[in-house]
Amino acid sequence: MTTKIKKIEFPEQSLLSRKKKDFDYMDSFEGELGDDSKDIDITEVGKAFFTNGPKWGKKMFAFRNKVVGLFGLKTGSETEKKQKEKDFTCEIGERVGLFKVFDKTSNEIVLGEDDKHLDFRISLLFDKNQKQVNGKSLKISTTVKFHNWLGVLYFLPVRPFHKLIVPAMLKNIIGKLEKNT
């Protein structure tokens, strides 16, 4: 099955939705899982997020870390040795690289980081209650709150790549989840 990824309105059922007015940037993408996919645990979704990014996205993230480290921004390397993806259990407060788990429910994980230039959050929302019969979807939503001009400047070149990486990543995550069913 070929997974179609589409840009959608910010999901009202997301934990981040109640703070929408506070964000300077928001986007959401959705992909549907096949009808034969079993009931997926949100922890599986969180683990898949860290292990299924596109290879070119990983190279870009490594380049980003080298550049922003020069400006004293967080790169995630400070916590890299403490927590590996395979040991990640997606519990609130847990970290993998740059990402910290801020919130978790039975169908959503909110990851992100607070830094001096901006705060960002990523919601992984597994929706089991689609209007279609047996429909299941995975939504990735991103929010950004700028603190200063450096945050705005930082996000200018990131934004176009973000809009390419997130759909590619979502497609890979769904492929991984369907493969495991």
Once side-chain hydrogen bond (donor to acceptor under 3.5 Å, both in side chains) is applied, do any residues pair with Lys104, and if so which ones, sequence neighbours excluded? Thr43, Glu91
Lys/Arg N to Asp/Glu carboxylate O, Asp127 vs Lys136, below 4.0 Å: no
What residues, two or more places apart in sequence or in another chain, satisfy side-chain hydrogen bond (donor to acceptor under 3.5 Å, both in side chains) together with Ser141? Ser28
Could you pull out all residues at least two apart from Lys20 that satisfy salt bridge (charged side-chain N to carboxylate O under 4.0 Å, His left out)? Glu12
Just to verify, what does Glu9 make a side-chain hydrogen bond (donor to acceptor under 3.5 Å, both in side chains) with, not counting sequence neighbours? none
Under 4.0 Å between a side-chain nitrogen and a carboxylate oxygen: does that hold for Arg121 and Asp114? yes
How about Asp115 and His147: does a side-chain donor come under 3.5 Å of a side-chain acceptor? no
Please work out whether the ring planes of Phe120 and Phe99 are parallel, tilted or perpendicular, with thresholds of 30° and 60°. perpendicular
Under a 3.5 Å distance rule, please check whether Glu44 uses its side chain to pair with a backbone N or O of Asp41 as donor and acceptor. yes
Using only atom types and a distance under 3.5 Å, with no angle test, would you say the side chain of Asp24 pairs donor to acceptor with the backbone of Lys145? no
Taking transitive links into account, so neighbours of neighbours count too, which hydrophobic residues share a cluster with Val110 at under 4.5 Å side-chain distance? Phe10, Leu15, Leu16, Phe23, Met26, Phe102
Which residues satisfy the salt bridge (charged side-chain N to carboxylate O under 4.0 Å, His left out) test with Lys6, sequence neighbours excluded? Glu30
Could you tell me whether the side chain of Asn148 and the main chain of Gly151 form a donor-acceptor pair under 3.5 Å? yes
